[in-house]
2 protein chains.
Amino acid sequence: MAGVQKAKSEETHRRVLEAAIAAVEAGGMEAVNIRKIAADAGYSVGSVYKHFEDQDALLLAVNSVTLGRIKELMASKVETVDEPLARLKVLALAYLGFARDNRNLWMTLFSHQLPEGKAVPEWHIQENIALLGFIAAPLRELDPTMQDEDLAARTRTAFAAVHGLVTISLEARFVGLSGEKLEEEMNFLVERLAG
Amino acid sequence: MAGVQKAKSEETHRRVLEAAIAAVEAGGMEAVNIRKIAADAGYSVGSVYKHFEDQDALLLAVNSVTLGRIKELMASKVETVDEPLARLKVLALAYLGFARDNRNLWMTLFSHQLPEGKAVPEWHIQENIALLGFIAAPLRELDPTMQDEDLAARTRTAFAAVHGLVTISLEARFVGLSGEKLEEEMNFLVERLAG
DNA sequence: CTCAAAAGTGAACATTGTTCATTTTTCTTC
DNA sequence: GAAGAAAAATGAACAATGTTCACTTTTGAG
């Protein structure tokens, strides 16, 4: 009759996290209200704190899931294209597509900030850096002679540029480009940077 | 003996806004606590609300000042360089420099989000778009044959790419490039996009 | 069966954005 | 200058929400 505690603990963790993800999807970061999350998941407020140290930790967990989804999406795209430059374009468009289709998750991923003094945990930094691998590989293929250090810098630059275009396109403060035109600009950007 | 009301009103507005700017500079967006702002400015909470509809409006005012400073900085740089490509590089590095030197103001400018349903006021959108003019001009010089519509899109793309590089470099979640290497990448980015 | 540990609860507290009835100051009119 | 209206300023009170913790219930081990 052993294992009930473990199963219960895991289910609670999962259901709380799922409720938090659903809340973010529905209403963005601001919608993560501990009382609401607890009620949605079917527990009391106290139980949430048994599984997540505080609201920031919960949001970090949500962001970790989001990053996982992005990584999964990119992994599925990588296999479909051989030619390095074309692959980079597909990756960039996939990243853009994810942001468009999952606006709230994506914005939470990048706008949630830990309070001053609290450092981003190393495992989460690694999750982010892992994404860069998808970009580094084709860049390496395009220029095998590049030094490792330069490749690393160039990879970050390429990612950052694409990320910026996605960011600005979603910003209400700028009148973003929409639809096809945006995708054209994305292709232009990748071609100029990597071509 | 007239004009006292106007002067008082203006001074209160100014001092509240100054306190809010100081708070953001010192501790970021989260440091904007109405009670603290009121105390710092030397007024009661109620007075803050006589001049700013709510916290979002106050932050919007702070962001407007920040944008003004960025604009001023860019305007001062534009005059120093004739050659279009070099001017773009100077502008990009100035933008990066501002973000580094005014991290909290810069991050507040781009991470403060209005609650769902509240639209960014048109005057603030215009303030943002005004920045693009600095970029559009040299791009036009570099390619006078470009269609207006294409120039507008290319301008946004160039700005977005630079903005992305700045963003990522400030993100704790990524291990950003630092110092000289970052400036090298910025120059590379501008050259590839506009050169 | 008994007791310790883990899971779960929810009242209570602290912080903070916001409102509004009230007071104080300034302006206008006579 | 006096009186009333309008504006400026106040701060207590309310509501929402993150967090804690003493307590109850459930599970596991001996």
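Per chain, numbering begins at 1; letters A, B, ... match sequence-line order.
A straight line from CD1 of Ile37(B) to C1' of dT16(C) spans 13 Å, rounded to a whole angstrom. Rounded to whole Å, atom P of dT26(C) lies 15 Å from atom CD of Glu10(B). If you measure from atom CD of Gln55(A) to atom C1' of dT15(C), you get 13 Å, rounded to the nearest angstrom. Here dG11(D) presents its P atom at 16 Å from OH of Tyr49(B), a figure rounded to the nearest Å. A straight line from CD of Glu53(A) to C1' of dC21(D) spans 16 Å, rounded to a whole angstrom. Leu59(A) places its CG atom 15 Å from the P atom of dT17(D), with the value rounded to the nearest Å. Rounded to an integer number of Å, the gap from Asp56(B) CG to dT16(C) C1' is 14 Å. Rounded to an integer number of Å, the gap from NZ of Lys36(A) to C1' of dA15(D) is 19 Å.
Taking CZ of Arg192(B) as the reference point, atom CG of Leu189(A) lies at 11.5 Å (rounded to 0.5 Å).
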Pairs under 3.5 angstrom only: tabulate donor-acceptor contacts from the side chains of residues 53-60 of chain B to other protein residues two or more places apart or in another chain.
from     : atom 1 : to        : atom 2 : distance (Å)
Asp54(B) : OD1    : Asp56(B)  : N      : 3.2
Asp54(B) : OD1    : Ala57(B)  : N      : 3.0
Asp54(B) : OD2    : Lys118(B) : NZ     : 2.4
Gln55(B) : NE2    : Val32(B)  : O      : 2.6
Asp56(B) : OD1    : His112(B) : NE2    : 2.9

Using residues 72-80 of chain B as the side-chain source, report each donor-acceptor pair under 3.5 Å to any protein atom, sequence neighbours left out, with the distance given to one decimal.
from     : atom 1 : to       : atom 2 : distance (Å)
Ser76(B) : OG     : Leu73(B) : O      : 2.7
Thr80(B) : OG1    : Lys77(B) : O      : 2.6

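In this structure, Val48(A) reaches neither bases nor backbone, as no heavy-atom distance under 4.0 Å exists between it and the strands shown. Within the 4.0 angstrom heavy-atom criterion, base atoms lie near Gln5(A). As judged by a 4.0 angstrom heavy-atom cut-off over every strand, Tyr43(B) is placed among residues touching the sugar-phosphate backbone only.
The cationic atom of Arg154(A) (NZ for Lys, CZ for Arg) lies less than 6.0 Å from the six-membered ring centre of Phe188(B) and within 45° of the ring axis.
Heavy-atom nearest nucleotides on DNA chain D were determined for Lys6(B) and for Gly46(B), and the one closer to the 5' end corresponds to Lys6(B). In this structure, Val45(A) and Arg35(B) both approach DNA chain D, and ranking their closest nucleotides by distance from the 5' end singles out Arg35(B).
Checked for salt-bridge contact, Glu10(B) and Arg14(B) miss the test: no charged N lies under 4.0 Å from a carboxylate O.
When the side-chain nitrogen and oxygen atoms of Asn33(A) are compared with OP1 and OP2 of dG18(D), one or more of them lie within a distance under 4.0 Å. Distances shown here put every side-chain N or O of Ser44(A) at or beyond 4.0 Å from the OP1 or OP2 atom of dG10(C). Remark: Thr12(B) is in phosphate contact with dA9(D), judged by side-chain N or O atoms under 4.0 Å from OP1 or OP2. OP1 or OP2 of dT27(D) lies within a sub-4.0 Å distance of a side-chain N or O belonging to Lys8(A). For the pair Ser47(A) and dA7(C), the criterion of a side-chain N or O lying under 4.0 Å from OP1 or OP2 is not met.
Closest approach of Leu88(A) and Ala194(A) over heavy atoms only: CD1-CB, 3.6 Å.
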Please enumerate all protein N or O atoms sitting under 3.5 Å from an N or O of nucleotides 23-25 of chain D, with distances to 0.1 Å.
none

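Ring pair Phe110(A)/Trp106(A) is tilted by interplanar angle, where 30° to 60° counts as tilted.
In terms of modelled atom types and a separation under 3.5 Å, the side chain of Thr155(B) and the main chain of Leu151(B) share a donor-acceptor contact.
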